Protein chains: 2
Amino acid sequence: MVTIQQCAQNIGKEVELNGWAYNFRSSGKIFFLQFRDGTVRIQVVYSEADITPEAWSALEGLHLESSVRVKGIVKEDTRSPSGFEIEGKGFEIIQLAFDDYPISKKEHGPDFLLENRHLWLRSEKQWAIQRVRNTVINATYEYLNNQGFIKIDAPILTPNACEDTTELFAIDYFDLGKAYLSQSGQLYIEAAIMSVGRCFDFGPVFRAEKSKTRRHLTEFWMMDAEAAFVEYEENLKIQEGLICYIVDSVLKQNQNELVLLERDQEPLKKIQAPFVRLTHKEAVAKLRALGSDILEDDDLGGDDETILTKQYDKPIFVEKYPAKVKAFYMKRDLNDPDRALCADLLAPEGYGEIIGGSQREDDYQTLVHRIEEQHLSMEAFKWYLDLRKYGSVPHSGFGYGLERVVGWICGTPHIRETIPFPRLINRIYP
Amino acid sequence: MVTIQQCAQNIGKEVELNGWAYNFRSSGKIFFLQFRDGTVRIQVVYSEADITPEAWSALEGLHLESSVRVKGIVKEDTRSPSGFEIEGKGFEIIQLAFDDYPISKKEHGPDFLLENRHLWLRSEKQWAIQRVRNTVINATYEYLNNQGFIKIDAPILTPNACEDTTELFAIDYFDLGKAYLSQSGQLYIEAAIMSVGRCFDFGPVFRAEKSKTRRHLTEFWMMDAEAAFVEYEENLKIQEGLICYIVDSVLKQNQNELVLLERDQEPLKKIQAPFVRLTHKEAVAKLRALGSDILEDDDLGGDDETILTKQYDKPIFVEKYPAKVKAFYMKRDLNDPDRALCADLLAPEGYGEIIGGSQREDDYQTLVHRIEEQHLSMEAFKWYLDLRKYGSVPHSGFGYGLERVVGWICGTPHIRETIPFPRLINRIYP
């Protein structure tokens with residue numbers, strides 16, 4: 001038994017394959033079976049004369065999405081995505097699917113597809129997106145390991161909230177009152193860098209935000225990386241390196257998937273360091289020149305990001321936002337203390353933000369002052385402040401949203417297709 | 001700037017290192033600094049004559065856990081865990097720690113240490129455990145990737161419960177009522193194998209169980225793997241391969257950590273395939289001969305596992321449990337339909353269960369019947385049943401608890417030390 005992917009090593013040989021019949025048509029004595037096994041898709045061509053009457057009759061009684069066993073000879077075929085075709089010699093049904101498979105070639109509405117996500121995942125494009133997602137995950141581990149980052153899993157259940165609780169999901173935690181589902185592991189991995197030097201977490205995070213846009217999920221995967229003794233500029237270099245490595249890995253390992261997704265690969269090939277850098281000030285000026293009504297101290301909106309990223313064919317670091325629109329833990333720019341030493345990375349082609357990062361404030365007194373200034377709970381941040389009391393170091397970090405990175409690379413308009421089982425404000429099933 | 005780990009490539013050369021002073025003592029004109037930077041630990045020896053008066057006075061004013069910059073010459077030293085020692089030539093304090101660092105060499109109670117987990121993580125053994133954990137994670141990705149498994153992230157937020165809700169954490173999910181935190185992604189990745197063939201998930205899962213044992217956490221990391229067209233025997237082979245690969249990776253990559261943890265490595269070196277196999281029936285007979293009062297149809301208790309695993313120096317598959325003590329989705333043994341085609345893998349040295357796995361029931365009618373028999377909600381399993389209607393295939397899977405695997409390999413008596421920020425029924429902070 002081999003996989004379709006292994007056909008390359010079996011040209012001219014007879015192979016046996018297990019998988020699913022995702023489409024078929026017959027023209028008299030010839031039967032064309034579209035066959036998939038999870039690794040790639042291939043066409044099997046049967047001639048009635050070549051196979052047993054039992055096999056031929058099984059083909060004639062086939063239903064979509066049945067599981068089947070195929071025997072045949074591997075032939076090269078440059079028109080096929082796998083590069084091969086099978087000359088069918090044997091056929092057997094493992095389970096004849098019920099004949100009402102709900103997803104057909106015709107267009108379905110998104111609600112119907114989401115309701116059938118457990119089946120929709122099999123569709124060509126959904127399969128391709130999950131394969132790209134897998135490459136993005138693995139490339140992230142590889143790159144970060146090579147840069148000396150180890151994985152530290154931040155907790156999901158967190159104690160009394162550091163921030164406004166309106167966007168948090170709450171649970172009752174035994175006798176300890178409410179606990180909240182984490183929005184980010186950053187603060188926790190800041191503690192861990194004092195132990196392991198460099199680390200990252202990569203897990204689900206949650207937002208109870210009532211947003212219903214093509215870029216929001218209530219549950220999504222986030223990668224946060226943090227490094228001791230890494231300052232602002234080096235932090236950007238690590239991000240550039242990571243994004244280039246991810247895109248390069250997908251270009252190398254997912255050609256078949258990118259073709260299925262009809263993804264124009266030229267823009268991806270242009271993802272090379274160094275990326276474009278614009279200060280927030282420059283970005284605002286440019287946006288205003290392009291017609292946006294953004295004000296000097298505004299955060300960039302989604303529309304602003306779209307406009308801006310269409311001006312360049314590389315990702316853009318928008319740097320040094322007004323400190324007041326950014327989080328309290330960001331270090332300030334020494335040359336302009338109203339600005340944070342931060343950068344958001346915007347993906348090109350109108351895609352927008354995929355990474356947020358900054359150097360972190362490492363001075364104890366400054367941080368105490370910030371927490372007071374912003375009326376945050378000193379008690380909740382007690383442990384976090386300890387990190388500045390005992391061996392504080394200059395350090396920086398950044399985080400990416402996995403679904404946004406996958407969405408950009410795949411060219412998927414709606415983020416809901418980039419996660420296996422999307423959770424939206426009106427969707428928790430299946 | 002290099003890391004301590006990179007000293008091996010710099011013997012005889014002067015290097016600069018950033019890190020933390022975790023211990024020190026002075027004897028007159030000589031100062032011994034115990035220095036760590038996340039990668040490994042090293043001793044730096046200063047002679048007053050060799051350094052500036054400023055550097056010497058900085059050394060004399062040093063506090064535990066201060067962040068410091070060290071300059072010196074790398075010397076080989078076979079007694080040191082790193083294999084090296086630094087002859088100090090320069091010293092600078094980055095941040096002088098407050099002089100009340102709460103964790104000292106003296107024994108602290110577990111509550112105190114858990115309350116200071118954000119600092120306790122820096123302690124030698126805690127650092128070592130996290131490094132081993134990282135190796136276990138990476139080895140899992142490597143092995144599974146090589147076996148053709150891709151990562152499919154199962155959702156954490158799940159709809160109305162498939163099982164008894166008393167052990168589930170509940171949240172209010174917008175207008176959709178209650179949602180529950182996942183206890184396992186297995187059912188979801190069963191859907192995904194029909195798309196990608198083989199897959200795994202690896203993420204946090206949650207148990208609201210009121211257990212307070214050395215083996216329970218309310219939040220822990222679980223790896224679930226599932227493969228289409230893999231039957232019972234092959235499923236065990238994959239598990240054996242994975243566990244051998246993990247242990248071998250730790251033995252190769254974490255010698256320093258295992259020594260720090262005082263882990264006897266001889267038992268780990270014996271982890272070679274094939275593992276011991278005992279049917280549940282044989283296990284019960286053996287346990288009763290050894291004095292246990294276990295009954296024929298009982299599940300194995302923690303004590304039983306301890307007794308049993310002390311009889312062998314390899315992991316044990318306990319196979320074919322009475323179906324009634326196992327989950328409804330397990331396939332039955334054709335030769336003995338009261339038994340499930342399942343196996344739990346017990347780690348040696350008294351450790352006990354680290355993996356549970358089985359072949360899954362793939363027949364639609366049989367599964368419908370099971371759900372009825374066990375009075376489970378047909379509605380909740382509607383989508384899961386679809387998987388048996390459309391292209392069902394023989395398939396199997398298994399899951400390991402990351403903290404249990406790490407605990408066994410590190411020889412850590414209590415599981416709470418194997419996760420960066422443990423969540424227990426009485427602990428949600430920090």
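Given the structure is predicted, the values throughout are model-derived calculations rather than measurements. Sequence lines set the chain letters: A, B, ... in the order given, protein chains first and strands last, and positions in each chain run from 1.
- Counting heavy-atom pairs closer than 4.5 Å to chain A, the top-ranked of the candidates B/A191, B/G197, B/P420 is B/P420.
- At a 4.5 Å heavy-atom cutoff, B/I419 makes no contact with chain A through either its backbone or its side chain.
- In this structure, chain A has a heavy atom under 4.5 Å from the side chain of B/R133, while its backbone stays farther away.
- Contacts of B/I93 with chain A are absent, with no heavy-atom separation under 4.5 Å from either backbone or side chain.
- Of the atoms belonging to B/Y22, not a single heavy atom falls under 4.5 Å from chain A.
- Only the backbone of B/S66 comes within contact range of chain A, judged by heavy atoms closer than 4.5 Å.
- When each of A/M194, A/E65, A/K151 is scored by its heavy-atom pairs under 4.5 Å with chain B, the top score falls to A/M194.
- For chain A, the option among B/I156, B/V68, B/I152 with the highest count of heavy-atom pairs below 4.5 Å is B/I156.
- The contact between B/N145 and chain A is made entirely by side chain atoms (from C-beta outward), counting heavy-atom distances below 4.5 Å.
- Contacts between B/A21 and chain A at a heavy-atom distance below 4.5 Å are absent for every atom of the residue.
- For the residue pair A/Y188 / A/D224, no side-chain donor-acceptor distance below 3.5 Å is found, with atom types taken as modelled.
- You'll find the ring centres of B/F98 and A/Y364 inside the 6.0 Å limit.
- For B/A228, the part lying near chain A is the side chain, with the backbone staying farther off; criterion is any non-hydrogen pair under 4.5 Å.
- Taking the six-membered ring for Trp and the full ring otherwise, A/Y180 and A/F206 have centroids separated by 6.0 Å or more.
- The ring of A/Y390 has its center closer than 6.0 angstrom to the ring center of B/Y101.
- For A/D175, the CG atom sits in a loose shell: 12 or fewer heavy atoms of surrounding residues, nucleotides or ligands are nearer than 6.0 Å.
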- Message: side-chain hydrogen bond (donor to acceptor under 3.5 Å, both in side chains), that's the test. Do A/D362 and A/H395 meet it? Break it down for me.
- Response: CA-CA 7 Å; A/D362 51 70; A/H395 66 286; 5.3 Å; no
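- Both the backbone and the side chain of B/R423 come within contact range of chain A, each with at least one heavy atom under 4.5 Å from a heavy atom of that chain.
- Heavy atoms closer than 4.5 Å to chain B are found nowhere in A/I103, neither backbone nor side chain.
- Heavy-atom distances place the side chain of B/L176, and not its backbone, under 4.5 Å from chain A.
- In this pair, B/Y173 and A/F169 present their aromatic rings parallel. The plane angle is below 30°, not in the 30 to 60° band.
- Note on A/R388 versus A/E190: salt bridge recorded, some NZ/NE/NH1/NH2 to OD/OE distance being below 4.0 Å.
- The two residues A/R416 and A/L217 have their closest heavy-atom pair at CA-CD2, 4.1 Å.
- Of the atoms belonging to B/I150, heavy atoms from both backbone and side chain fall under 4.5 Å from chain A.
- B/P422 does not touch chain A: none of its heavy atoms, backbone or side chain, sits under 4.5 Å away.
- Taking both residues in full, the closest heavy atoms of A/S392 and B/Q95 are given as N-OE1, 2.7 Å, listed atom of the first, atom of the second, then distance.
- For B/F229, the part lying under 4.5 angstrom from a heavy atom of chain A is the side chain only.
- For B/W20, the part lying near chain A is the side chain, with the backbone staying farther off; criterion is any non-hydrogen pair under 4.5 Å.
- Both the backbone and the side chain of A/N18 come within less than 4.5 Å of a heavy atom in chain B.
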